[in-house]
Amino acid sequence: MSTKAERFGPLPENTVLPTPQWVETPRRSKYACSPEVKEGDMEWYPPVMIGASSIGNDLTSNCTHYLKTAVNLLKKLESDAYVEYLLDYYKLGMKRYGDDWGYIDIVTAVLGLSKWLKPSNYLEIGVRRGRSVCSLASLCPDADIAMFDMWVENYAGMDNPGPDHVNKELDKFKHKGKREFINGNSHETLKSYFTENPNTYFDLITVDGDHSNLGAAEDIADVLPRLSIGGAVLFDDTGNPNVAGLGAVWRRMLEENPRFSTYTYSEVGYGVGFAIRKY
Ligand SMILES: C[S@@+](CC[C@H](N)C(=O)[O-])C[C@H]1O[C@@H](n2cnc3c(N)ncnc32)[C@H](O)[C@@H]1O
């Protein structure tokens, strides 16, 4: 049995992380490709035309715009202690630093990725009370969404009521796409979901469920092969000292992977990373 420090502490360099089982993926997605190439024409470049730092630069330089959007969104959600804290944190940061703050978190990152990629479908591991999934729904109300959670009771000391609550929150944003709740441990449910849906690829995927080093790495390895070319994967807590190994999990699985362009923000708050799949 591993200790808490081994599961959630700094990741030793020699830790073996799971490897994604890549499958043949359709080359073209609707929103991030270079122009269709005619039969016989040479396509000089790979199809994806935008990298993660273009979106990261937008998020940091227009941080006030994204934070004001996040404030309006959070105020629509049923509040809890964490949301109250975040609203005060955003307010103080904007007052002190304006756009120079350059702050990014999971909410503003989902807003930026939704704006730029306009995902048709979204997979989320770790939904809790619906904050991140509502960020997506607020900008892409027609997107189909697949939500994976085991609804751990009293998560982080707060109520974690489950699908009925999340449905009510999504209704506030007039979400019209398909909704699927896949309840249970993601280490079982993801594998069976992908076996049952062999041709499904997602345009945006958020990994924010199991926060142990190996558990988060397994979730990443399970979802990466089902990310559309040109789609983005988002990972929370790259700079969270309470789960100090997750930054290294992200670095080793995404930043060092040539299939992806990546942007990682770990300066203040809990940190967040996102990566766009090139091939
Ligand atoms: C950090 S919260 C998600 C926060 C949410 N993304 C947001 O932005 O508000 C983590 C969630 O992951 C769920 N979770 C933890 N371990 C899990 C596992 N192995 N499988 C499925 N869900 C899990 C918990 O029940 C909790 O609701």
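All ligand and atom numbering here is 1-based and tracks the order in the structure.
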Open item on the list: Can you report which non-hydrogen protein atom sits closest to atom 19 (N) of ligand 1, along with the distance?
Closed with: N185 OD1, 3.1 Å

TODO: Tell me whether the guanidinium CZ or amine NZ of R259 lies under 6.0 angstrom from the six-membered ring centre of W22 and within 45° of its axis.
DONE: yes

Task: Protein heavy atom at shortest distance from atom 2 (S) of ligand 1 - done: Y155 CE2, 3.6 Å

TODO: Go through ligand 1 atom by atom and flag the ones less than 4.0 Å from a non-hydrogen atom of G184.
DONE: 20 (N), 21 (C)

Open item on the list: One residue to check: N160. Relative to ligand 1, which of side chain, backbone, both or neither has a non-hydrogen atom less than 4.0 Å away?
Closed with: side chain

- [ ] Would you confirm whether the ring centroid of Y193 sits within less than 6.0 angstrom of the ring centroid of F148?
- [x] yes

Task: ligand 1 to V152 polar contact by distance, N or O atoms, under 3.5 Å - done: yes

- [ ] Kindly assign one of parallel, tilted or perpendicular to the pair F235 and W250, based on the angle between their ring planes and the thresholds 30° and 60°.
- [x] parallel

Task: Test: D80 and R128 ion pair at under 4.0 Å - done: yes

Open item on the list: Using a plain distance cutoff, I'd like to know if R131 has any nitrogen or oxygen under 3.5 Å from a nitrogen or oxygen of ligand 1.
Closed with: yes

Task: Aromatic ring proximity, centroids under 6.0 angstrom, Y89 and Y103 - done: yes

Open item on the list: Hydrophobic clustering (ILVMFWY, side-chain heavy atoms < 4.5 Å, transitive) - are M49 and Y279 grouped together?
Closed with: no

TODO: Would you mind running through ligand 1 and noting each atom that sits below 4.0 Å from a heavy atom of W151?
DONE: 25 (O)

Task: Atoms in ligand 1 with a heavy atom of G126 nearer than 4.0 Å - done: 3 (C), 4 (C), 5 (C), 6 (N), 11 (C), 12 (O)

Task: Closest to atom 24 (C) of ligand 1 among V110, D149, N240, L77 (heavy-atom distance) - done: D149

Task: Heavy-atom check, side chain of W101 versus side chain of R96, under 4.5 Å - done: no

Task: Ligand-residue contact atoms, ligand 1 with S186, heavy atoms, under 4.0 Å - done: 18 (C), 19 (N), 20 (N), 21 (C)

TODO: Check E124 against V133 and note the closest heavy-atom contact, atom names and distance.
DONE: OE1-N, 3.5 Å

Open item on the list: Quick check: M150 and ligand 1, any N/O pair under 3.5 Å apart?
Closed with: yes

Open item on the list: Give me the nearest non-hydrogen protein atom to atom 10 (C) of ligand 1 as residue plus atom name, then the distance to 0.1 Å.
Closed with: D208 O, 3.2 Å

- [ ] Return yes or no for this condition: an N or O of E124 is under 3.5 Å from an N or O of ligand 1.
- [x] no

Task: Value rounded to 0.5 Å, distance of CG in L59 from OG1 in T108 - done: 5.5 Å

